[in-house]
Amino acid sequence: MQYLILIHSNPSVIELFAGMTDEQRREAFQTYWDVESDLQASGELVESKALEENVQRYVQRGPQAPIVTDAPLAETTEIITGFYLVDVAGEARAFEIAARFPEAATERGVRVVRVWTQADFDEAMA
């Protein structure tokens, strides 16, 4: 089963990192590389990327062309800053991986979403 683990930046994450010493911050950032290395070694990593949080856009269908606006909007408190797409035995394993990230120590945690594959769609349409 595939799961998308979404890493967010939000006020509680910013506060978490701001309260760290330089050494703690280095250790926290090392976590991302350690998780990726472990997932590569186990064969569970499909893809992972860090996302630029300052250059995100919303796109809507316009009458003649796409309408593009800056994102996140002022009222947005969460910005997706990275993701890990994993192929694991089940939901419990995805939760175990997600809990390793520093963001999991905040009240909003880390978002885990099941990814539907072609086989899932085929089964649903049968």
Side-chain angles (χ1 to χ4, degrees):
M1 295 181 181
Q2 289 190 351
Y3 289 87
L4 186 62
I5 300 170
L6 297 168
I7 307 298
H8 292 89
S9 178
N10 60 53
S12 60
V13 171
I14 293 167
E15 186 177 305
L16 173 71
F17 277 90
M20 293 179 178
T21 65
D22 288 345
E23 180 61 27
Q24 289 170 324
R25 201 172 297 110
R26 273 192 291 281
E27 289 174 12
F29 282 116
Q30 183 63 44
T31 301
Y32 303 105
W33 300 116
D34 292 347
V35 169
E36 184 164 335
S37 294
D38 292 349
L39 293 172
Q40 285 175 336
S42 70
E44 295 172 306
L45 182 67
V46 176
E47 183 69 71
S48 70
K49 297 289 181 194
L51 304 175
E52 170 63 57
E53 66 182 272
N54 296 318
V55 185
Q56 296 186 14
R57 305 286 184 262
Y58 288 113
V59 178
Q60 294 176 292
R61 188 177 307 145
Q64 271 100 38
I67 299 168
V68 181
T69 56
D70 286 343
L73 300 176
E75 65 273 13
T76 301
T77 60
E78 287 192 0
I79 302 166
I80 298 172
T81 56
F83 70 88
Y84 289 75
L85 178 60
V86 297
D87 194 342
V88 294
E91 183 179 70
R93 176 65 178 139
F95 294 159
E96 179 183 319
I97 295 164
R100 292 181 62 186
F101 294 104
E103 292 82 359
T106 67
E107 72 275 357
R108 293 185 183 166
V110 175
R111 188 175 304 164
V112 177
V113 182
R114 172 86 193 284
V115 176
W116 276 40
T117 63
Q118 185 62 51
D120 294 315
F121 281 105
D122 292 346
E123 185 178 312
M125 298 305 290

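The aromatic rings of Phe101 and Tyr84 sit tilted, their planes meeting at an angle between 30° and 60°.
Closest non-hydrogen pair, Ala98 versus Val110, comes out as O-CG2, 3.8 Å. Here the shortest heavy-atom pairing between Ala94 and Val112 reads CB-CG1, 3.9 Å. Nearest heavy atoms, Arg25 versus Ala18: NH2-O, 4.0 Å. The two residues Ala99 and Ala104 come nearest to each other via the heavy atoms O-CB, 3.7 Å. Here the closest heavy-atom approach between residue Gly90 and residue Met1 is recorded as CA-SD, 4.2 Å. For the pair Ser12 and Thr106, the tightest heavy-atom approach, listed with the atom from each and the gap, is OG-CB, 3.5 Å.
Tested against Glu103 for a side chain to side chain contact (heavy atoms under 4.5 Å, CB included), the candidates Thr31, Ile7, Leu6 yield a single pass: Ile7.
Note: Glu27 CD to Gln30 CD = 9.5 Å, rounded to the nearest 0.5 Å. A distance of 8.0 Å separates OH of Tyr58 from CD of Gln56, quoted to the nearest 0.5 Å. Rounded to the nearest 0.5 Å, atoms CD1 (Ile97) and CD (Glu36) are 12.0 Å apart.
Residues Leu16 and Tyr32 share a single hydrophobic cluster, defined by chaining ILVMFWY side chains whose heavy atoms lie under 4.5 Å apart. By the rule that hydrophobic residues join a cluster once side-chain heavy atoms approach within less than 4.5 Å of another member, Phe17 and Ile14 end up as members of separate clusters.
Side-chain atoms of Arg57 do not come within 3.5 Å of backbone N or O of Val68 as any donor-acceptor pair. No donor-acceptor pair under 3.5 Å is formed between the side chain of Asp38 and the backbone N or O of Val35.
Of the charged side-chain nitrogens involved, none lies within less than 4.0 Å of a carboxylate oxygen, so that Arg100 and Asp34 do not count as a salt-bridged pair.
The shortest distance between side-chain heavy atoms of Pro11 and Arg108 falls below 4.5 Å. Here the side chains of Arg111 and Ile5 are not in contact, with every heavy-atom distance at 4.5 Å or above. By the 4.5 Å heavy-atom criterion applied to side chains, His8 and Val13 are not counted as neighbours. Using a 4.5 Å heavy-atom threshold, the side chains of Glu44 and Asp87 count as separate. Considering only heavy atoms from C-beta on, Val86 stays 4.5 Å or farther from Arg93 through its side chain.
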